[in-house]
Visitor: 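Following this message is one structure expressed as C-alpha cells.
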Protein chains: 2
Amino acid sequence: MEIDRASPVPPYRQIAAFLRAAILRGDFAPGSRLPGVEQTVQEWGVARTTARKALAAVRDEGWSFASVGLGYYVAPQEQWPQT
Amino acid sequence: MEIDRASPVPPYRQIAAFLRAAILRGDFAPGSRLPGVEQTVQEWGVARTTARKALAAVRDEGWSFASVGLGYYVAPQEQWPQT
DNA sequence: TGAAATTTGTGCGTATGTATT
DNA sequence: GAATACATACGCACAAATTTC
C-alpha cells in the first residue's frame, strides 16, 4: 500500500494496478467486497479524488462493479477483460 | 449543445453521447480534430471537470484518442467499439 | 413511517506537470 | 522560451441508493 511518488506511473494507476493484480491472484473472490473510497484514502494516503479515479478505472475495465450505498464488489469472472 | 438539467442522465454523459453520435454520423471524420476541453466548456456551459470527464469517456471507449499539447482526435474506425 | 448512517456518483474550482508546436 | 492543450492531484459540496434503527 505504498505509492511510489518517483514513478512516472501516476498514483491512481498504481492503485488500480494493485487492485487488478489482487483480484487476479484471488485475494478478492468474485462477489466479495473491495476496499471503498474511504478505505483507499486511508490505506494509500491519497485524496478522495485519486482514490475514486483508481476504483472507477478498475470498475470501468470490468473487474468490479459498484452500487451506491453498498460499495465496490468483484465482478463475476465472465465479465473480466481479455479472458 | 444544450444540457438538459432536468434529465436523470448527468451532463457529462449527455455530452459524451452527443459526441459519439456525431462521430457515428460522420460529422467528425477519423483523424480529424474534436472539440477540446476549453471549447466544450464554452459550448456547453459546464465546468472543466465535467468537460474533461465527457471527453475522457469518449476516449476510453475507443472513439477517440488524445495527445498532450495537440488535442482530441477521432480514432481510426477499426478501433471503434462493437463494430 | 421515517430518520440517520454509509457509500458511490456527479459537479465545480484550483494548481501543477508534461508533451507538442 | 512561449503558447497551447491534455493529465493528474487535491479539496469541497450535494445528490442518490442502500441499509439500519
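Reminder, nothing fancy here: chain letters follow the sequence lines and each chain counts from 1.
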Visitor: Would you kindly give the OH-to-P distance between A:Tyr73 and C:dT6, to the nearest whole Å?
Guide: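 Answer to the nearest Å: 15 Å.
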Visitor: Look at the side chain of A:Arg5 and decide which nucleotide, out of D:dC10, C:dT8, C:dA19, has an atom nearest to it.
Guide: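 Of all the options, the side chain of A:Arg5 is nearest to D:dC10.
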Visitor: Under the side chain to side chain donor-acceptor pair (under 3.5 Å) definition, can you give me all pairs with a residue in residues 2-24 of chain A, not counting sequence neighbours?
Guide: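 Passing the test, one end in residues 2-24 of chain A: A:Arg20-A:Glu61.
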Visitor: Measuring from B:Leu55:CG to B:Thr50:OG1, what's the distance to the nearest 0.5 Å?
Guide: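 It is 11.0 Å, given to the nearest 0.5 Å.
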Visitor: If I take atom CZ from residue A:Arg48 and atom OG1 from residue A:Thr40, how far apart are they, to the nearest 0.5 angstrom?
Guide: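 Output value for this atom pair is 11.0 Å.
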Visitor: In whole angstrom, what separates B:Phe65's CZ from C:dT20's P?
Guide: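 Value for this atom pair: 13 Å.
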Visitor: Could you state the atom-to-atom distance from NZ of A:Lys53 to P of D:dC10 in whole Å?
Guide: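 A:Lys53 atom NZ is separated from D:dC10 atom P by 11 Å.
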Visitor: Quick one: on DNA chain C, does B:Leu70 or A:Leu70 contact a more 5' nucleotide (nearest heavy atom)?
Guide: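 The residue whose closest nucleotide sits nearer the 5' end is A:Leu70.
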Visitor: How far does CH2 of A:Trp63 sit from CG of A:Leu34, to the nearest 0.5 angstrom?
Guide: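 If I round to the nearest 0.5 Å, the distance is 12.0 Å.
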Visitor: Quick check for you: to the nearest 0.5 Å, what is the distance between A:Phe65 atom CZ and A:Arg59 atom CZ?
Guide: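 Rounded to the nearest 0.5 Å, the CZ-CZ separation comes to 12.0 Å.
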Visitor: If we only count heavy atoms from C-beta on, is the A:Ile3 to A:Ile15 side-chain gap below 4.5 Å?
Guide: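 Side chain of A:Ile3 against side chain of A:Ile15, heavy atoms only: contact under 4.5 Å found.
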Visitor: Nearest of C:dG13, D:dA9, D:dT8 to any side-chain atom of A:Thr50?
Guide: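 The answer is D:dA9.
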Visitor: With rounding to the nearest 0.5 angstrom, report the OG to CH2 distance, B:Ser64 to B:Trp80.
Guide: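 That separation rounds to 11.0 Å.
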Visitor: Whether A:Arg52 contacts C:dG9 is assessed here as follows: a side-chain N or O lying under 4.0 Å from the phosphate OP1 or OP2. Is that the case?
Guide: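 It does, given that an N or O in the side chain of A:Arg52 lies less than 4.0 Å from OP1 or OP2 of C:dG9.
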Visitor: Heavy atom of residues 11-23 of chain A under 4.0 Å from DNA chain D: which residues?
Guide: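 A:Pro11, A:Tyr12, A:Arg13, in order of number.
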Visitor: Would you tell me if any nitrogen or oxygen in the side chain of A:Arg48 comes within less than 4.0 Å of OP1 or OP2 on D:dA9?
Guide: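 No, no such contact exists.
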Visitor: Both A:Val9 and A:Ser67 contact DNA chain D. Taking the nearest nucleotide for each, which residue is further toward the 5' end?
Guide: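 That would be A:Val9.
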Visitor: Nearest to the side chain of B:Tyr72, heavy atoms from C-beta on, is which of D:dC10, C:dT21, D:dA7?
Guide: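 Nearest nucleotide to the side chain: D:dA7.
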Visitor: Rounded at 0.5 Å granularity, tell me how far CD in B:Gln39 sits from CZ in B:Arg33.
Guide: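 Going from the CD atom of B:Gln39 to the CZ atom of B:Arg33 covers 8.0 Å.
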Visitor: Quick check: on DNA chain D, is the nucleotide nearest B:Gly71 upstream (toward 5') of the one nearest A:Thr49, or the reverse? Name the residue that is more 5'.
Guide: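 Comparing both residues, the 5'-ward one is B:Gly71.
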Visitor: Identify the two heavy atoms, one from A:Val74 and one from A:Ala29, that lie closest to each other, and give their separation to 0.1 Å.
Guide: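 Where A:Val74 meets A:Ala29 most closely, the heavy atoms are CB-O, 3.4 Å.
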Visitor: If you take any heavy atom closer than 4.0 Å to DNA chain C, which residues from residues 30-40 of chain A end up in contact?
Guide: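 Correct list: A:Arg33, A:Gly36, A:Val37.
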